[in-house]
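This report concerns only the one structure given below.
Proteins come first, then strands; the chains are lettered A, B, ... in the order of their sequence lines, and each starts at number 1.
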Amino acid sequence: MAKELKELTSRSVNFSQWYQDLVIKADLAENSAVRGCMVIKPYGYAIWEKIQRQLDDMFKETGHVNAYFPLFIPKSFLSKEADHVEGFAKECAVVTHYRLKNSPDGKGVVVDPEAKLEEELIVRPTSETIIWNTYRNWIQSYRDLPILCNQWANVVRWEMRTRLFLRTAEFLWQEGHTAHATREEAEAEARKMLEVYAEFAENFMAVPVIKGVKSASERFAGAVETFAIEALMQDGKALQAGTSHFLGQNFAKAFDVTFATKEGTQDYVWATSWGVSTRLMGALVMTHSDDNGLVLPPKLAPYQVVIVPIYKTDEQLAQINEKVATIVSKLKELGISVKYDNADNKKPGWKFAEYELKGVPVRLAMGGRDLENNTVEVARRDTLTKETVSCDNIEMYIKKLLDDIQENIFKKAVDYRSQNTISVDSYDEFKEKIEEGGFIMAHWDGTPETEERIKDETKATIRCIPLAGDKTPGKCMVTGKPSAQRVVFARAY
RNA sequence: CGGGGUGUAGCGCAGUCCGGUUAGCGUAUCUGCUUUGGGAGCAGAGGGUCCCAGGUUCGAAUCCUGGUACCCCGACCA
């Protein structure tokens, strides 16, 4: 009758294990039979769909349209942009044959050696090459520009070690690929999409992010400039939550994409690309959740409210059903998604624990006492507090509560980040503080050599050079050479 | 690719060192009764290729050889 007891590893004892447990036990995802690939379960996918829809709306509002490009990329395409090859060629899945045949020994099937492909196909690790090869045919004149396409797709990167949502061999994402007539317009596009990502992260996921520029060594393979949003997880490690790249004319040159300008000359097209992935699900879990399970922001929760009846007799249940029905319809009128769980094969206590694990922001419980008093018990997931309130105008109360929760978990995350962001001026202090986790703001001389040395000695990387905030120049903490501004260091996922 | 670990019921594990009844425990599942304001209790039932192959032995989950899968740590990670 009762379900398997679900206990999570404590967050403070082993964050990594806690995360893994939680993703599995809250029914978000699980490892699949295929190495490094995950199965996203219905509950996890419901959250992903909310993320997708919201982002898609935001892309449309900024003038973008969706399209779809092939899963397979001819091997030769990948080698056309020199830096791009360097960055991606090593971790790809490759299709070498197009047919199987019955095994000669009668057991199963084998790859038919006759069916070897003339040119191997790469399962896309990202789509710049296939898209720019296509754009060449779409673009002749400045009148064809800009092209503002986005694609929702899966990509494959043969990572050596994987973790659910954070790094998987196959993952779902969106990739925007735009083409512009001028450098200025393309740069503005890359920055605009960074803003869209930051707004989404903060206003919908309630995950505070730092917007910044990547250092040369962390830059996307083939980009001129990479912008990123960086978030801080509850264990003090950083997570890159989204990137937007200004690609210059690199891909246009590699794929020979030129256009006739207003002035009648020929010029290469300017490009951007930008993406966020199912990794956002990992960020969501690692930012807000606690030892009782997920904590979902109301704006992304598949159910914002769950209602649990507590009853002794069928008559009592019937009364509660009736009362709850009116509450449900009033909540729905306000656009609040609600689930009434009156299944009689689970006990109330079991349901309470289960919906906490699933991160439902608000739980209402109604029992005999409430029927008599015209009240309902309201429990909020973020603070784990309960209070009994009148059923009159309950819908307005809930609406406001959902807004409060959205705001509160964001504020909590912002506070956590402030408490774990420090400035240091000496390398010795840096080495000491990096052990405690968090963001460290420090001066850096701008050279890859110093960056590399810091990484080797401390495992910390430059997460980004922040676009906003303190721009005071100083001296590099390692070499003492001039530094334009402080940059963000952290150990990262 | 290097180092370590594990494979026994749906899930989690004990048993393996030191071979020996019918392979066991928790949980889940099913049945019945009692329960229901924070993951219910009691009673009963079903469920096994002990990862695979070979070897040693009167006898192998246990010992030996080979294979295989998965996990952890490292290297790697636009």
Side-chain angles (χ1 to χ4, degrees), chain A residues 1-8 14 16-17 20-21 24-25 30-36 78 81 83-92 124-129 155-164 166-169 171 173 175 214-228 239-240 242-245 247 250 273-277 279 292-293 308-314 316-317 320 342-358 363-373 375-377 379 384 386 388 455-456 459 461 491-493:
Chain A
M1 190 65 78
K3 262 245 177 180
E4 187 182 347
L5 201 67
K6 294 186 175 174
E7 274 181 24
L8 288 173
N14 185 338
S16 172
Q17 191 66 50
Q20 182 91 0
D21 273 11
I24 292 169
K25 287 179 178 162
E30 63 189 19
N31 285 307
S32 74
V34 183
R35 193 208 79 98
L78 272 187
E81 211 291 327
D83 291 334
H84 197 65
V85 189
E86 188 62 30
F88 279 109
K90 296 161 196 162
E91 51 183 33
C92 292
R124 62 181 168 218
T126 179
S127 304
E128 274 78 5
T129 55
V155 287
V156 170
R157 296 177 189 180
W158 214 259
E159 302 288 356
M160 293 176 186
R161 245 177 96 189
T162 60
R163 292 164 63 89
L164 291 169
L166 299 180
R167 176 167 292 110
T168 45
F171 56 92
W173 76 346
E175 44 180 329
K214 285 284 177 184
S215 65
S217 59
E218 297 274 326
R219 196 179 285 153
F220 176 75
V224 173
E225 193 96 282
T226 289
F227 301 95
L239 183 73
Q240 178 177 300
T243 50
S244 178
H245 316 289
L247 302 173
N250 292 348
S273 68
W274 27 274
V276 295
S277 70
R279 175 181 262 200
N292 290 323
V308 177
I310 299 164
Y311 56 94
K312 292 192 167 65
T313 62
D314 284 351
Q316 204 173 28
L317 175 60
I320 294 172
N342 63 352
D344 63 357
N345 57 359
K346 303 280 196 310
K347 299 190 58 173
W350 190 91
K351 292 176 186 173
F352 292 174
E354 181 67 10
Y355 291 115
E356 264 162 34
L357 180 64
K358 293 273 176 78
R363 183 188 69 235
L364 305 183
M366 183 173 287
R369 294 204 298 264
D370 298 301
L371 278 180
E372 285 174 24
N373 303 327
T375 57
V376 65
E377 182 188 80
L384 291 169
K386 301 189 281 201
T388 302
K455 186 179 177 183
D456 287 347
K459 290 183 184 168
T461 51
R491 287 185 180 152
Y493 278 100

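Here the P atom of nucleotide B:G37 and the CH2 atom of A:Trp350 are 15 Å apart, to the nearest Å. Atom pair A:Tyr493:OH and B:C76:P shows a separation of 18 Å (rounding to whole Å applied). Taking atom CD on A:Gln20 and atom C1' on B:C70, their separation rounds to 13 Å, with Å as the unit. Spacing between atom CH2 of A:Trp173 and atom C1' of B:C77 amounts to 14 Å, rounded to whole angstrom units. One can place CZ of A:Arg491 at 18 Å from P of B:C77, the figure rounded to the nearest angstrom.
Side-chain atoms of A:Arg167 lie closest to B:C77 of the nucleotides B:G39, B:C77, B:G37. For A:Asp370, the listed nucleotide lying nearest its side chain is B:G37; candidates were B:G37, B:G39, B:C77. Listed nucleotides B:G39, B:G38, B:C77 differ in distance to A:Glu159; the shortest reach to its side chain belongs to B:C77. For A:Phe352, the side-chain atoms get nearest to B:G38 when compared with the rest of B:G37, B:G39, B:G38.
The nearest pair of heavy atoms linking A:Val376 to A:Ala365 is CG2-O, 3.4 Å.
Using a 4.5 Å cut-off on side-chain heavy atoms (C-beta onward), A:Arg363 and A:Lys386 make contact. Under the 4.5 Å side-chain criterion, counting only non-hydrogen atoms from C-beta, A:Gln316 is not in contact with A:Pro309. Under the 4.5 Å side-chain criterion, counting only non-hydrogen atoms from C-beta, A:Tyr311 is not in contact with A:Leu371. Considering only heavy atoms from C-beta on, A:Glu175 comes within 4.5 Å of A:Val155 through its side chain. Between A:Arg279 and A:Gln240 there is a side-chain heavy-atom pair separated by less than 4.5 Å.
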Shorter than 3.5 Å, N or O on both sides, protein versus nucleotides 32-36 of chain B: list them out with atom names.
unit_1	atom_1	unit_2	atom_2	d
B:U36	O2'	A:Tyr311	O	3.4

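Between the C1' atoms of B:C18 and B:C76, the separation comes to 44 Å (whole Å). With P as the reference atom, B:G7 and B:A61 are 15 Å apart, rounded to whole Å. Spacing of P atoms, B:C1 relative to B:G24, comes out at 42 Å, to the nearest Å. For B:G2 and B:G10, the C1' atoms lie 36 Å apart once the distance is rounded to whole Å. Atom P of B:C63 sits at a distance of 5 Å from the matching atom of B:C17, rounded to the whole Å. For the C1' atoms, the distance linking B:C50 with B:C42 amounts to 32 Å, nearest Å. Distance noted for atom P between B:G66 and B:C58: 24 Å (whole Å). Between B:C51 and B:A60, the distance separating the two P atoms is 15 Å to the nearest Å.
Nearer to the 5' terminus of RNA chain B, by closest-nucleotide assignment, is the contact made by A:Gly349 (compared with the other of A:Ala221 and A:Gly349).
To the nearest 0.5 angstrom, A:Leu78 atom CG is 10.0 Å from A:Glu128 atom CD.
With both pairing distances under 3.5 Å, B:U68 is matched to B:G7 as a Watson-Crick or G-U wobble pair. The partner of B:C25 is B:G12, by the rule that a Watson-Crick or G-U pair needs both atom distances under 3.5 Å. Pair check for B:C42 finds B:G32; Watson-Crick or G-U wobble, both atom distances under 3.5 Å.
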Problem set entry | Step-by-step salt bridge (Lys or Arg N to Asp or Glu O under 4.0 Å) determination, A:Glu377 to A:Arg369 | CA-CA 10 Å; A:Glu377 182 188 80; A:Arg369 294 204 298 264; 5.8 Å; no
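Heavy atoms of A:Lys459 sit nowhere under 4.0 angstrom from any nucleic acid atom. Within the 4.0 angstrom heavy-atom criterion, only backbone atoms of the sugar-phosphate kind lie near A:Arg219; the bases stay farther away.
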